[in-house]
Amino acid sequence: MSRAAAMTAAPDTPRNATGLKALLRHGAFVISDNPVTGLSFALFVALALIAIFGPWIAPHDAFASNTAAALQKPSLHHLFGTDQLGRDIFSRVLVATRLDMTIAIASVALVFALGGVAGIAAGYFGGWTDRVVGRVSDTIMAFPLFVLAMGIVAALGNTVTNIVIATAIINFPLYARLARAEANIRREAGFVQAARLTGNSDWRILLMQILPNILPLMMVQMSLTMGYAILNAAGLSFIGLGVRPPTPEWGIMVAEGASFIASGEWWIAVFPGLSLMLAVFCFNLLGDGLRDIVDPQRRT
Amino acid sequence: MLQTALKRIAASVPSLVGVVIVTFLLTRVLPGDTASYFAGPAATPEAIAEIRQKLGLDQSLPVQFWNYIGDLVHGNFGLSLTTGQPVVNEIAARLPASAELTLAGLILALVIALPLGIVAALRQGSWVDHVCRVVATAGVSLPVFFTGLLFVYAFYFLLGWAPAPLGRLDVFASAPPTVTGFYLIDSLIARDFATFRATLAQLALPAITLAVFSLAPIARITRASMLAVLGSEFIRTARAAGLEPSTIVIRYALRNALLPIVTTLGMVFSFLLGANVLVEKVFAWPGIGSYAVEALIASDYAPVQGFVLAMAILYVFLNLCIDLLYGVIDPRVRIEA
């Protein structure tokens, strides 16, 4: 039997499956390989659904205060209890998911675009591009990262957009270095030389050949930094930067509950804090699982 | 040795220059117009122009940068608007509180994480290994301000073991006479054991919070680094030669595994100095972190910039120490350098 016949005789190899079917099959393989990854993926889907539909599934108005019902313990009516203004914490936690996720995704997407392109260019071109990108990365890494984020938000102005920018900047070196190293390895690879020989421009090779090649590793990095991005943004809003009350956001909700912890009203801070933890945990596990699949040698 | 040390010090100069440039740029992109902010809302355009001239804001950027460097060299970080004090004095006064807390947290983390990582590597797949893995994953997922609050609830409110989370000493105790600025050491020098105990009680929870946070990376790298070394041939030879297991693990394996661990310490310091800000806010710790947070909320930017610069310089210095430590730990690095 010839090779071509062997290919057609096995119609269910992934190569022959197309579009959605292939995607689903690959997804099923990824999840069945490691139950923890499957669990974290389910958690991620749940978080995404809450982020999208949160305001509609919340049982109460997240902003409506009702001082008669202030500081109530968790009950069937108020699953997570109420805060000092009588607002339903369960509803606020649900509604906050969207903002926290948006900040994390926006900052990771921004740093992916900036750091990825800068890193690939540095690894591919070398020379002064490499030196500039390396120097910028080194300078950012010379700061304690959270402190730098504080300084950036203080300087640019106290808004959510600037939290996104600050989080992207402090993650820049991670992305730039990874992309640089991977692009550098592939610089003289056969497929790159072939592309060059057929007359592709440098930037076309970068975007069409090298970028897709290192994309899996970058995706892992995105998932791993997403947890850190959420923690960082929540930390900034915990100290009073970015998000302002009464906007529901996990970090600021923990900050609001902090003054009640010492007098025993634990639920105000604990439920938003747990959500924060769960989200970060989800992304870290997802990142670890993805890395095991993409790059088994780095498994620890 | 001296020559390599000098080389290392010279190598940290570019980072220092970068840090100063970035903090300078951060002062120049302040929201709004600094001069009209200082002049107040009712100021006339002439008054604003005068203040701008007084602050040197009407000059070109290179000139302003030169003046900025001159100020820094003279230790002038500007004045705090809310307290009217020079920022550098306030940071210097509050630095010992932060340093004591950070060092206590780091030492605690090392004391727990190193043995945990070593045992996890020696007994791969045992319960210690699983504990190590859980700690390493949980530690990086826990928001440090949240763990702090949970500790306050459990150990102050529920159990009553810890004192109220209100600073370095409770209101009835007086600080020991200042020698080092570290209350633990100062109270021992003054042989004031009641103050020592009170200080320790106040320090325990925030230090444990910081330790839990910084445990994870140290335990993880210790385990990985020990595993790599334990699989190498000189360990096999040492075992075959019948050396004591403890000698093999401590003198041969750990010594060789130390280099990656020390490298990770640089990253841990970066985390610690950031986490310090959050922990200080939770425990009302009178350090430079809470100073910066208070200033941020009052839109008082000079202390924030002073804080960022001080932390960055401290961090560059810590990284330099780590670099110098390499040569002490591993003589091969000294020869190559």
Side-chain angles (χ1 to χ4, degrees), chain A residues 36 135-136 138-159 162 170 224 227-228 230-232 234-236 238-241 250-251 254-255 257-258 260-266 269-270 272-274 276-285 288 300, chain B residues 12 14-19 21-23 25-32 137-138 140-146 149-150 152-153 156-158 164-165 220 223-224 227 269-278 281-282 289 292-293 296-297 299 301 304-305 307-309 311-312 314-316 319:
Chain A
V36 178
R135 185 53 69 202
V136 169
D138 286 349
T139 305
I140 294 173
M141 293 298 277
F143 284 89
L145 294 180
F146 186 75
V147 173
L148 180 62
M150 278 173 69
I152 293 172
V153 177
L156 294 182
N158 197 348
T159 64
N162 290 333
I170 62 172
L224 284 173
Y228 180 61
I230 296 177
L231 274 186
N232 187 66
L236 288 174
F238 179 78
I239 59 172
L241 286 176
W250 294 334
V254 175
F260 294 92
I261 277 276
S263 53
E265 283 95 3
W266 52 272
V270 164
L274 283 179
L276 195 58
M277 237 174 75
L278 203 66
V280 177
F281 207 58
C282 163
F283 283 114
N284 284 347
L285 286 179
D288 280 345
T300 48
Chain B
S12 67
S15 325
L16 212 54
V17 172
V19 160
I21 291 176
V22 169
T23 38
L25 289 177
L26 287 181
T27 62
R28 292 309 113 166
V29 291
L30 272 178
T137 319
V140 290
S141 305
L142 285 168
V144 63
F145 49 92
F146 184 55
L149 285 173
L150 286 184
V152 169
Y153 182 68
Y156 168 66
F157 181 76
L158 286 184
R220 196 170 187 154
R223 177 179 175 277
L227 271 181
F269 269 121
S270 168
F271 283 163
L272 264 179
L273 294 180
N276 206 32
V277 178
L278 299 168
K281 183 167 192 293
V282 171
V293 170
L296 257 181
I297 289 163
S299 302
Y301 292 108
V304 181
Q305 274 132 20
F307 163 76
V308 172
L309 187 63
M311 286 300 229
L314 186 67
Y315 184 54
V316 170
N319 274 324

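Remember, predicted model here, so these are calculated numbers, not experimental data.
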Can you name the residues that form a side-chain hydrogen bond (donor to acceptor under 3.5 Å, both in side chains) with B:N276, not counting sequence neighbours? B:T102, B:E280
Can you tell me how far CD1 of A:I230 sits from SG of A:C282, rounded to the nearest 0.5 angstrom? 8.0 Å
Between A:N158 and A:G240, the two heavy atoms sitting closest are ND2-O, 3.7 Å
At a heavy-atom distance under 4.5 Å, which candidate from B:L309, B:V19, B:L150, B:V304 has the highest pair count against chain A? B:V19
CH2 on A:W266 to CZ on A:F260, rounded to 0.5 Å: 15.0 Å
Heavy atoms only, distances under 4.5 angstrom: which of B:V316, B:V308, B:V152 has the most pairs with chain A? Name it, please. B:V308
Measure distances from A:L274 to the heavy atoms of chain B and classify the residue's part below 4.5 Å as side chain, backbone, both or neither. both
Most contact-rich option vs chain A, by heavy-atom pairs under 4.5 angstrom, among B:V17, B:V22, B:L16, B:L272, is B:V22
Using heavy-atom distances under 4.5 Å, tell me whether A:N284 contacts chain B through its side chain, its backbone, both, or neither. side chain
In terms of heavy-atom proximity below 4.5 Å to chain B, should A:F283 be classed as side chain, backbone, both, or neither? neither
Using a 4.5 angstrom heavy-atom cutoff, name the option from B:I21, B:V293, B:L149 with the most pairs to chain A. B:L149
Would you name the heavy atoms of B:V144 and B:A275 that are closest together and state the gap between them? CG1-CB, 4.0 Å
Show, in sequence, the C-alpha distance, side-chain angles and deciding distance for B:Q305 and B:T23, and conclude whether the side-chain contact (heavy atoms from CB on, under 4.5 Å) test is met. CA-CA 7 Å; B:Q305 274 132 20; B:T23 38; 5.9 Å; no
Region of B:F271 that comes under 4.5 Å of a non-hydrogen atom in chain A: side chain
Applying a strict 4.5 Å limit to non-hydrogen atoms, the region of B:L278 in contact with chain A is both
Tell me, for B:I297 versus chain A, whether the close heavy atoms (under 4.5 Å) come from the side chain, the backbone, both or neither. side chain
So for A:L241, is it side chain, backbone, both, or neither that comes closer than 4.5 Å to the heavy atoms of chain B? side chain
Region of B:Y156 in contact with chain A, defined by heavy-atom distances below 4.5 Å: side chain
Looking only at A:L285, A:N232, A:I152, A:L231, the option with the highest number of non-hydrogen pairs under 4.5 Å against chain B is A:L231
For A:A279 and A:W250, which heavy atoms make the closest approach, and how far apart are they? CB-CZ3, 3.9 Å
Interface check, chain B: of A:L278, A:D138, A:L276, most non-hydrogen pairs under 4.5 Å belong to A:L276
What side-chain donor-acceptor pairs closer than 3.5 Å can you find for residues 141-150 of chain A, not counting sequence neighbours?
none

For B:F145, is the NZ or CZ atom of B:K281 found under 6.0 angstrom from the centre of its six-membered ring and inside 45 degrees of the ring axis? no
